[in-house]
Each structure stands twice: as structure tokens, then as C-alpha cells.
Amino acid sequence: MKTRLEEQLADALATLKSDGLVPPDVAPAIAVTRTKDPTHGDFASNLAMQLAKPAGRKPRDVAEALIAALPSSAEVRDVVIAGPGFINFFVSDATQADVVRRVLDDGEQYGRSQVGAGKRVQVEFVSANPTGPLHVGHGRGAALGATIANLLDAAGFDVQREYYVNDAGRQMSILALSVWLRYLEKGGATFAFPSNGYRGEYVHDIAAALRSEVGSDLERDTTALFSGVTDDETVAADGSTSGDKEAHVDELIEAAQAALGDNAWKLVFDHGLDAIIADIRGDLADFRVRYDEWFSERSIEGDVATVVERLDKAGHLYKQDGSTWFRSTAFGDDKDRVVVRSDGRTTYFASDIAYIDNKLARGFDQVLYVFGADHHGYVVRMQAACEALGHDPKRLEFLLIQFAILYRGGERVPMSTRSGSFVTLRELREEVGADAARWFYVMRRYQQHLDFDLDLAKSRSNENPVYYVQYAHARICSVMRELDNKGLSFDQAAGLATLDRLVEPQEADLLTLLATWPELLERAALTREPHQVTGYLRDLANGLHTYYNSHKFLVEDDALRQARLSLLCAVRQVLVNGLTLIDVSTPEVM
RNA sequence: GCGCCCGUAGCUCAGUUGGAUAGAGCACCUGGCUUCGAACCAGGUGGUCGGAGGUUCGAGUCCUUCCGGGCGCGCCA
């Protein structure tokens, strides 16, 4: 409808140009938008105001000429000039009501589009280090990434959902060491657990599982293990520190590898990694988050050197202070970045570069990174690397997700990963349910900090927006059940034939909302803004509740009843389509 | 100090390429269930859109500058 009006305006503009009213070289953006105020009609265009200056005439005069040049259309009931020179379009009632037929015909397809057809896009999200369970901070990235992927899919893009598993770094070795040390403790060994080790309860669980699998086969002499290792950091009573926790843990890792040998070390390492990956996968699955690919960092370890070499050959690297630097300042970064350390090992950034190259080589037109806002410093260097490798940096897109702050009883819930006193995603889900969690995480713009009110998310009351929307769905289902109880039935064809009986203002509001859904969904996908969907669903539910309270559906008048029920079914369909996109359930009874 | 994000009603937030009288929810006040589900609805109170300049027919939206808040600035991952 909107595009047809824009085409008609374009034709009218061409007529004005050929009549000499408008200079031929003027090329304004022809835009038709929905109105906010129904008294302004259904659609409006500001074209006349844009043309006023180049045409040297008053906006309202230009508008008059444009309207005169518009072809007549059965879809449009009236076209009027309003305000400073807006052209307002009033859509005919039959066209307005026809949306019911479209919704019921298209069903779960209604609202989906093909704007992204033929384009491959990857959404990488969460990608938390597999060194412990996911916490609530990861939850927002999970919910947003999953929903954005759903939106893109609905817009016709070929979407791939990926989790990048950081299974190669030093942190993984520290986890393996932590698991092994807990394993040794369970065998009776006593020693001071390194301050830099992972201290969470889950490490004990993994160690216990390891012991039940291998028995005492992995036990080694601990006094020998700790001998010669730099002292761990300790804090004296006066606050002064001694020792070096970083060197302590690194040397312990080396000693452990030596004591166990490669095979046994790998056994411990994989045991820890596999256990945590399994935990994360299960957790995300229960959160209704699906992935197409769990991409292992180790699988591209061998590509890092190759990529560094490519950058070197292209002249983007230089040596200084014994290490190798990437000249990212040449691409707008505020400082250059090390890719090969003075000890010869490559940096984490070098792995990222290899990963970028790998992604783009897989042929994605667009690659989305769903990052926590604390990662914003990486954006410029990532794009710099992308460009240096000869790729278009615009193919990378970074969504910086602001933090979610939990509130319980009006108090901020403290979050500290370091001390291990964090709320896990699993705990959150068990406390408020997956529906509320998914909804709350995406209900705000991702650029905005999120106040996550646990009490509100749990409340089964009118304050809770999730229930509000689900209730609208359940209410419609309830009406359809009541229809059965009264021995009546719904005939869709009959309903579609009597749509002209929908004349109430509440019905007109719902028809407009239904017609808006495809436009909104497309915009939400292209701007990567799931909160537009939650906002829309709230409006649609409100429209339904208002309608429900002002009119009866199961009326004696058969034609009117059929028409109203077909409208209800259309509303229910769009509620389902919207809630499905954010993976919130659609209960028939609450 | 530099960089990114944010600042809209008492609170939490929407506001589509710049568009008409800036909107919701919560809170507060008033009213509505012998009726298809009151987990609902209708109405009301509440605003210098952080401040100041600028761009233009028109600015919450764009530009400049200042103020306030969050985050980031490792040969960590």
C-alpha cells in the first residue's frame, strides 16, 4: 500500500515536471509514512513541502497540483491537504479490512518479507569463554542475538547463528589446572589453591566426575609439583603484596603438563572443556537459543601464522621492542597493536584476525558481532584488520550491548565474576521463567542500559508486559472455546465475506495495527532492534483488550459474528507470529 | 586526558529517512464485572525533551560546545 502510494506520487511528480511546474532536475526523496493521528488519514507525504522551494510556490499550492495529477485509486477514499502542506491519504474501508484476509491466508508467514533475499548474514553472539557457566550478563547478548537472527530470517536473509568457542587460550589452561588441582584434593592432597585459579563450585563437580571416570590414575606428587614455582600473591595485614599470581599460575601449568605428560594433560583439559561446553549448550537450549555452528578457536590455530604473514607481505606490520606490531593507526585506530609478542607467541588479537578472515572467506555478505559494551574498544582495530586483509570493513557490523542491571526488592543485585558471586543465567531462568527473561532482555533498545526488575518479571499481574500480551492471546482462544460451548462455529470464508461489518473505531485501530506489522518487522530487522517488536505487541494486545471491553463477539447477528471472529483470529495470528520471533510461548490458557 | 554509549513525566522507557497537539507502563486520583476470562478497560493529574548556540518552511531527532552518568583505553583473554 505504502509503496503503491509512493509510486503514484512519483507519477504525479513526473506530470508536474513535464508541465513545467517543477524544475526537471529536482529529485526529492518520495516518502509516504503512516500517520500518528487518525484525523490525518492513514498515510501522509511531505513531498509538497520539499518541492515548494525549488518550484518557487507555496507548499499547499504544490500539494494541490500533485493531488490533481494523482491517478484515481479504488484503494484510496480521499486525499486532502493538511497543515503546512501535508498530503493525507485516507484508505478505503474495504482495503483497510482486506488485511484480515491477508493475515489469515498467509498465517505464520504473514509479516515475513524478502528484503534480505539472496544475502547471507552471520550472527555471532554470546561466545563466552568456556571457563564457567553463563551468568546473567551473558543473557542479554543471548536473547538479543537469538532474536535479531530470527528477525533477519523473517526478513528473508540466509542466517547463520554461530558461537565462537575460545578453547585455545591461556584461560583454558588455567581451567584445566584448576580441575586437576581439585581432583588432587579429592585424593587427599593438601596445598594452597592458586589465587588466579577458577574457584567456582562447578570446578569441584568436574573434578569429581573426572575422578569417577579415571580413579586415581592422574594423581601425582604435589610437593614436587609446587617446588621451584614462584610464590603466589599474598596480601599482608598492612595491605602490601608479595609474590606474583600470574607467574605462579603459569609455572604451575607448565609443571602440571610436565608431571602428567601430553596425553594425560589433554585428558584433563578436554574433560573440563567438554563439561563446560555441554553445560553452556544445555543452558542456551533451555533458553530457546539455537546455534547452527559451534566454531572452535583451536580449529583455526594453524591459520594465525598465515594471516600474520599476509599482513606482513602487505606491509602492515613492523617490529619494535622485540615484538611485531600491526599498524592499525593507518586505518583510524588510536594506537598500533601487537600481534606477535616478544616471546614469539601470537596475541589474542592475532587469533581474532584469523577468525575475521575465516568468516569472510566463508562467504557471508554481512557478519554481525553481538558484543558487550565493554568490548567497544575492539571495534576499530577489528575493522582495521579487516581492511588490511583486503576486505570491505563494512561487512563487519558490531552491536554493542549495554549491561543489564538486576534489581530485587528495589535493591541492585551485586555482580562480581571475580569473587564468583554472580547470578547464573540458569538461576535467572528458574526464578522468572524463560518467557519473562527473553522478553525483558529485549524490551529496551540495546544501546540503553537495562534495569531488569526480577520482582516485576515474576509478578503475575497487570504490571508484567509478558502476561499482558500472552493474556490477549489466551483471551482470544477463550472466546473460540466459548464459541464451541455455545454450539456455534466459525466459518472463515463467511467472515471474510462480511468484513464490511467491521465499522467500530476499535476495529479500525486493530486493522491498522495488523497492516503495520510487516513494515514494522522489516524495519526491526534492518535496524537490528527487537524492542520494536515488543513495543508493537504491547500495542496490539492493548488494541485487543480495548476491543474486548467495548464490544461482544459472540453476537446473535451471524454475519457480524463471523466478521468479528475473523478479525480476532487475525489478531491472534499476529500475536503468535510476534511472540514466536522473540521465542516467547503463546499459552491458550493462563 | 582520549574514545564509545546514554540524558525525554516522580520512576522505567518509546518516539520509523527531520514533520502536524512529544507518547506508553509503573505510581497517584476517578469510574467500569448478573456479560465471550477484571492477569482487563475508560478517564484524569504529571514535560524548559540535561544547558546554550546553530542549520530550515519545520529539531526530541542533524551540527558545534558545555554539564551530568555508564563503559573502555595491556606484549590479559
Side-chain angles (χ1 to χ4, degrees), chain A residues 29 31 33-37 39-40 44-46 49-50 52-53 58-59 82-86 88 129 131 166 168-172 174 246 321-325 333-335 337-343 345-349 351-352 372-380 398 400 402-403 405 407 443-451 453 456 459-468 470-472 474-483 485-486 516 519-520 523-524 526-527 529 531-532 534-535 538-539 541-542 544-555 564-565 568 589-590:
Chain A
T33 55
R34 289 211 175 253
T35 56
K36 288 181 211 164
D37 184 341
T39 63
H40 297 142
S45 176
N46 63 357
M49 289 182 283
Q50 291 187 66
K53 195 168 229 179
K58 290 178 188 166
F86 289 102
N88 290 343
N129 281 347
T131 52
N166 291 111
R170 169 172 175 261
Q171 294 304 319
M172 284 310 303
I174 295 176
E246 306 291 346
D321 305 331
S323 50
T324 305
W325 297 70
D333 201 359
D334 54 1
K335 60 179 78 163
R337 308 291 169 178
V338 172
V339 287
V340 185
R341 288 182 270 230
S342 48
D343 63 7
R345 293 181 301 156
T346 52
T347 60
Y348 187 82
F349 178 47
S351 300
D352 280 340
D374 54 338
H375 281 64
H376 73 253
Y378 303 97
V379 172
V380 175
F398 299 88
L400 299 167
Q402 297 294 327
F403 296 126
I405 302 161
Y407 286 86
M443 70 190 288
R444 304 296 184 209
R445 300 168 62 217
Y446 65 79
Q447 299 95 330
Q448 186 77 250
H449 290 263
L450 175 72
D451 285 338
D453 187 332
L456 179 59
S459 74
R460 296 177 172 269
S461 74
N462 55 346
E463 300 170 30
N464 193 323
V466 190
Y467 288 109
Y468 183 83
Q470 289 180 320
Y471 181 47
R475 235 179 177 177
I476 296 171
C477 294
S478 175
V479 171
M480 300 310 281
R481 281 193 300 273
E482 194 56 29
L483 182 74
N485 293 341
K486 292 194 172 179
T516 307
E519 303 159 19
L520 181 123
R523 189 170 68 241
L526 296 179
T527 57
E529 290 185 336
H531 77 277
Q532 308 244 11
T534 54
R538 211 210 65 82
D539 287 346
N542 175 248
L544 184 279
H545 289 312
T546 301
Y547 185 32
Y548 186 96
N549 276 278
S550 48
H551 298 287
K552 219 162 146 57
F553 312 132
L554 302 180
V555 291
R564 288 183 170 173
L565 289 177
L568 283 194
V589 181
M590 296 174 66

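Throughout, protein chains are lettered first and strands after them, A, B, ... in sequence-line order, and every chain is numbered starting at 1. When reading the values below, keep in mind they use all heavy atoms of this one structure, side chains included, and skip hydrogens, waters and symmetry mates.
Comparing B:G15 with B:C75, their P atoms are spaced 39 Å from each other, to the whole Å. Look at the P atom in both B:A52 and B:A9: the space between them is 16 Å, to the nearest Å. Only the P atoms considered, B:U61 is 35 Å distant from B:G74, to the nearest whole Å. Rounded to the nearest Å, the gap between the P atom of B:G7 and that of B:G60 is 15 Å. Nucleotides B:G69 and B:C33 are separated by 47 Å at their C1' atoms, to the nearest Å. Between B:G18 and B:C57, the distance separating the two P atoms is 15 Å to the nearest Å. B:C67 and B:C28 are spaced 39 Å apart, taking the P atom of each and rounding to whole Å. A distance of about 24 Å separates the C1' atoms of B:C63 and B:G1, rounded to the whole Å.
Each of A:His545 and A:His376 was matched to the nucleotide of RNA chain B holding its nearest heavy atom; the match closer to the 5' end belongs to A:His376. Closest-nucleotide positions on RNA chain B for A:Leu554 and A:Gly169 were compared, and the one nearer the 5' end corresponds to A:Leu554.
Closest to the side chain of A:Tyr467, from the set B:U35, B:A39, B:C6, is B:A39. Each of B:A20, B:C41, B:C5 was ranked by its minimum atom distance to the side chain of A:Ala82; first place goes to B:A20. For A:Asp451, the listed nucleotide lying nearest its side chain is B:U12; candidates were B:U12, B:C5, B:G15. Across B:C71, B:C75, B:C57, the shortest atom-to-atom separation from the side chain of A:Thr347 is found for B:C75. Checking B:C40, B:C75, B:C36 against the side-chain heavy atoms of A:Ser478 singles out B:C36 as nearest.
Here A:Ala44 lies in heavy-atom contact (under 4.0 Å) with a base. As judged by a 4.0 angstrom heavy-atom cut-off over every strand, A:Val589 is placed among the base-contacting residues. Using a 4.0 Å heavy-atom cutoff across all strands shown, A:Ala31 reaches at least one base atom of the nucleic acid. At a threshold of 4.0 angstrom between heavy atoms, the contacts of A:Arg445 are confined to the sugar-phosphate backbone, with no base atom among them. Counting any heavy atom pair closer than 4.0 Å across all strands shown, A:Thr546 reaches sugar-phosphate atoms only and no base atom. Within the 4.0 angstrom heavy-atom criterion, no nucleotide atom of any strand lies near A:Asp333. Here A:Arg444 lies in heavy-atom contact (under 4.0 Å) with a base. Using a 4.0 Å heavy-atom criterion, one finds that A:Arg523 contacts the bases of the nucleic acid, with or without backbone contacts as well. Base contact: A:Thr33 has a heavy atom under 4.0 Å from a base atom. Contacts of A:Asp321 with the nucleic acid, taken as non-hydrogen atoms under 4.0 Å apart, include base atoms.
Checking A:Thr131 against A:Asn129 by side-chain atom types alone, no donor-acceptor pair falls below 3.5 Å.
Across all strands shown, B:C28 forms a Watson-Crick or G-U wobble pair, both distances under 3.5 Å, with B:G44. Across all strands shown, B:U35 forms no Watson-Crick or G-U wobble pair with both distances under 3.5 Å. Nucleotide B:G60: unpaired (no Watson-Crick or G-U wobble partner with both distances less than 3.5 Å). Across all strands shown, B:A9 remains unpaired; no Watson-Crick or G-U wobble contact has both distances below 3.5 Å. Here B:C75 sits opposite no nucleotide as a Watson-Crick or G-U wobble pair (both hydrogen-bonding atom distances under 3.5 Å). Searching all strands for a Watson-Crick or G-U wobble partner of B:U65 with both distances below 3.5 Å returns B:G51.
Here A:Glu519 pairs with A:Arg34 in a salt bridge; the nearest charged N to carboxylate O distance falls below 4.0 Å.
The closest donor-acceptor contact from the side chain of A:Ser478 to the backbone of A:Ala474 lies at 3.5 Å or more, if one exists at all.
Put simply, the side chain of A:Asn46 and the base of B:G19 share a donor and an acceptor less than 3.5 Å apart. For B:A77, its base sits under 3.5 Å from the side chain of A:Tyr378 at one donor and acceptor pair at least. On a pure distance criterion of 3.5 Å, a polar donor-acceptor pair joins the side chain of A:Ser342 and the base of B:C75. In the interface, the side chain of A:Tyr407 is not paired with the base of B:C11 through any donor and acceptor atom under 3.5 Å apart.
For an aromatic pair to be called close, the ring centres must be under 6.0 Å apart, and A:His545 with A:Tyr468 satisfies this.
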Subject >> Working for ring pair (Phe, Tyr, Trp, His ring centres under 6.0 Å), residues A:His531 and A:Tyr446 >> reply: CA-CA 8 Å; A:His531 77 277; A:Tyr446 65 79; 8.3 Å; no
**OP:** May I have the step-by-step check of side chain to side chain contact (heavy atoms under 4.5 Å, CB included) for A:Leu400 and A:Val379, ending in yes or no?
**Re:** CA-CA 9 Å; A:Leu400 299 167; A:Val379 172; 4.2 Å; yes
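For A:His449 and B:G70, the ring-to-base geometry does not satisfy the stacking test (centroid distance below 5.5 Å, interplanar angle below 30°). We find that the ring of A:Tyr468 and the base of B:A39 do not stack by the test of centres under 5.5 angstrom and planes tilted less than 30°.
Taking the six-membered ring for Trp and thresholds of 30 and 60 degrees, A:Tyr548 and A:Phe553 have ring planes more than 60 degrees apart, a perpendicular arrangement.
Contact annotation: the side chain of A:Arg564 approaches that of A:Tyr547 to within less than 4.5 Å [non-hydrogen atoms, C-beta and beyond].
A:His531 has a side-chain polar atom (N or O) that falls below the 4.0 Å cut-off from OP1 or OP2 of B:G15.
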